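Values in this document were obtained by computation on a predicted structure and should not be read as measured data.
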Amino acid sequence: MSASDSSAKDVEKQQQVFELDSSTSRIGGFQEAGVKRGLKSRHVQLIALGGCIGTGLFVGSGSALATCGPAALLTGYLILAFVIYAVMNALGEMTCFMCIKGTSVSQFVTRYVDESLGFATGYCYVYSFAILVGTEVTAAAIVIEYWTQKVNVAVWITILLVVIIGLNFCAVQYYGETEFWFASLKIICIIGLLFCGVVIFFGGGPAQDGILGFHYWNHPGAFVEHLTTGETGKFCAVWTSIIKSGFAFILGPELITTAAGETESPRRNLAKATKRFVYRIIFFYVCGSIVIGVIVASDNDRLMSAVSEGASGAAASPFVIGIQNAGIKVLNHIINAVILSSAWSSGNSYLYAASRSLMGLANTGYAPKIFGKCNKQGVPYYSVGAGALIACLAYLNVSSSSSDVFTWLSNICTISGFIGWIVIGITYLRWRAAMDYNNLWDRCTFITPFQPYSTYFFIIFISIVTITNGYAVFFDFNGPDFVAAYITLPIFFALYFGHKIYAKTRWYIPVEEIDVISGLDKIEEEAATYPKIVPKNFLQKIWFWIV
């Protein structure tokens, strides 16, 4: 018997074990969701990009600049860009191969690694996405106060939440269309700011006299000595910048996997989105950090004041501060409007992701079945409602005394994102081992470079970042800050070991039992029905390249 015949028999044997039961729409033990494939290529291209480009680039980068300096800020974004590249590649391969309706990261973990790990990861994602809705809504409400403080912030939070919740109760194509235009606005603004930065670099601002160049890299300097002095202080500045940069990217890559189950021609469109997402993120964040370091000094009084006061609007944006220093007027209001749309857009994406993550848990059997129900438009309305209730914790920010509680809740979810990336890496390695065991690489339509070495790299690197994310507290120990930095770890392990003890699951699924077969035939049959897109003219070639 030839090797190919033996391989075919092995696959046939697994198909009998992990068979698709079309009468119950179950795939390998998972209930297939009743969602609709309503997201087009251009929607998917910008959903993850729009989710990643939030207030972190426009405002949060100012804190990193003041704390670490321009060179450390640029280094942090460069390193995290390579990490994001590796995470996206791992997710992209798994998702393009098994893009069933209603897929989620936690389902991959449950299917390829361990049920208890999937349970813990799924609930961390639901909580994190839902809390981030409240975080972005609060940021957007504070941005509005830049123009007027006569209205209570609770009114703005209510308006923003109502619109976001309303959009998520609509059919998925309306959510995709909204995100497309929100993200397009952000991209246009960033490109405009980059051009503006080039003008300021060459001294083209009304209040400038001569070429500015890299003046601020020399005075006050490329690095701000952080926590201690000398070379150690510069190293701490770089490491703190890496940690702060990680928070800007957190939970962004997962949005593509979340959207996979509702995307037209998912294998083609998700592969395209995965490849282009990384390059666009590198371009916007790396170029943006260069511009910020050029137009604003790290010891700028307005920047330092905004960071110390925790401002969240245009007043705290290093772009606005640099542009106003150059004598350019009115632009601060335009940037503030874009910051508002960015926060609103990110909140919209996070509620979508929270509802689909909860639906995934329900379809895996780890949440009440009611959260897996969808209406005729394919919307899991009970899951959307549950995510919206958690997002209402944003009202804690109405009172200054309770806002500290919400800050704690936000800190918990940011570290959950790092843990999620580690789990994604572990899941990819188990999936890869199963693909080797079953000789299925010829049926994998999206294969990325540097694997599995890039996955080993980001697992180790993010593990170190997770352990050291609160390292600054040990220079001047503070109990509440220590708890906020590390409370996520015991919560995650409590979920993991609690489920393992209760369900008495194995530590991991043996490679010969990992299900990489069920549903594959159906996915390939569906992929064959989608027509090939051939551009008819030069303009269409450009448009298809963009989206």
Please say whether more than 12 non-hydrogen atoms of neighbouring residues, nucleotides or ligands are located less than 6.0 Å from [atom1] in [X].
X      : atom1 : result
Phe446 : CZ    : yes
Phe474 : CZ    : yes
Phe477 : CZ    : yes
Asn218 : CG    : yes

Side chains of [X] and [Y]: closer than 4.5 Å at any heavy-atom pair?
X      : Y      : result
Val105 : Leu91  : yes
Trp441 : Asp436 : yes
Leu161 : Tyr395 : yes
Val294 : Tyr216 : no
Cys68  : Val238 : no
Phe97  : Met435 : yes
Phe319 : Val291 : yes

Identify the two heavy atoms, one from [X] and one from [Y], that lie closest to each other, and give their separation to 0.1 Å.
X      : Y      : result
Tyr428 : Thr455 : CD2-OG1, 3.4 Å
Tyr77  : Ser289 : CD1-CB, 3.4 Å
Ala130 : Ala354 : N-CB, 3.8 Å
Tyr366 : Tyr123 : O-OH, 2.6 Å
Ala141 : Leu160 : N-CD1, 3.7 Å
Pro318 : Val296 : O-CG2, 3.0 Å

From CA spacing to verdict: side-chain contact (heavy atoms from CB on, under 4.5 Å), Asn336, Trp147: CA-CA 9 Å; Asn336 208 49; Trp147 291 300; 3.6 Å; yes
Quick check: does any side chain N or O of [X] sit under 3.5 Å from a backbone N or O of [Y], one acting as donor and the other as acceptor?
X      : Y      : value
Glu93  : Thr448 : yes
Tyr471 : Val465 : no
Thr67  : Ala64  : no
Asn348 : Trp344 : no
Thr121 : Gly118 : no
Ser341 : Val338 : yes
Thr466 : Ile462 : yes
Arg432 : Ala90  : no
Thr135 : Ile131 : yes
Ser241 : Ala72  : yes

Any residue meeting side-chain hydrogen bond (donor to acceptor under 3.5 Å, both in side chains) with Tyr496, in chain and number order, not counting sequence neighbours: none
Between Asp114 and Lys500, is the closest basic N to carboxylate O distance under 4.0 Å? yes
Just verifying a value: how many Å separate [X] [atom1] and [Y] [atom2], rounded to the nearest 0.5 Å?
X      : Y      : atom1 : atom2 : result
Leu73  : Ser61  : CG    : OG    : 6.5 Å
Ser104 : Glu254 : OG    : CD    : 11.0 Å
Leu358 : Tyr127 : CG    : OH    : 15.5 Å
Cys189 : Ile339 : SG    : CD1   : 8.0 Å
Met88  : Ile256 : CE    : CD1   : 3.5 Å
Leu351 : Ile390 : CG    : CD1   : 9.5 Å

How would you list, by chain and number, every residue that makes a ring pair (Phe, Tyr, Trp, His ring centres under 6.0 Å) with Trp217, sequence neighbours excluded? Phe214
Ring centroid separation Phe457 to Phe450 under 6.0 Å: no
Could you walk me through whether Ile419 and Leu489 pass side-chain contact (heavy atoms from CB on, under 4.5 Å), step by step? CA-CA 8 Å; Ile419 295 173; Leu489 293 174; 3.8 Å; yes
Identified side chain to side chain donor-acceptor pair (under 3.5 Å) partner of Thr257 from the options Thr95, Thr274, Thr103: Thr95
Going by atom type alone, with no hydrogens or angles, which donor-acceptor pairs under 3.5 Å involve a side-chain atom of residues 192-210 and a protein atom two or more places apart or on another chain?
| residue | atom | partner | partner atom | Å |
| --- | --- | --- | --- | --- |
| Gln208 | OE1 | Gly205 | N | 2.7 |
| Gln208 | NE2 | Ile200 | O | 2.9 |

Only one of Phe493, Phe492, Phe119 forms a ring pair (Phe, Tyr, Trp, His ring centres under 6.0 Å) with His499, so which one is it? Phe119
Determine the interplanar angle of the Trp431 and Tyr112 rings, folded into 0 to 90°, and report it as parallel if under 30°, tilted if 30 to 60°, perpendicular if over 60°. tilted
Donor + acceptor pair across side chains of Ser128, Tyr350 (<3.5 Å): no
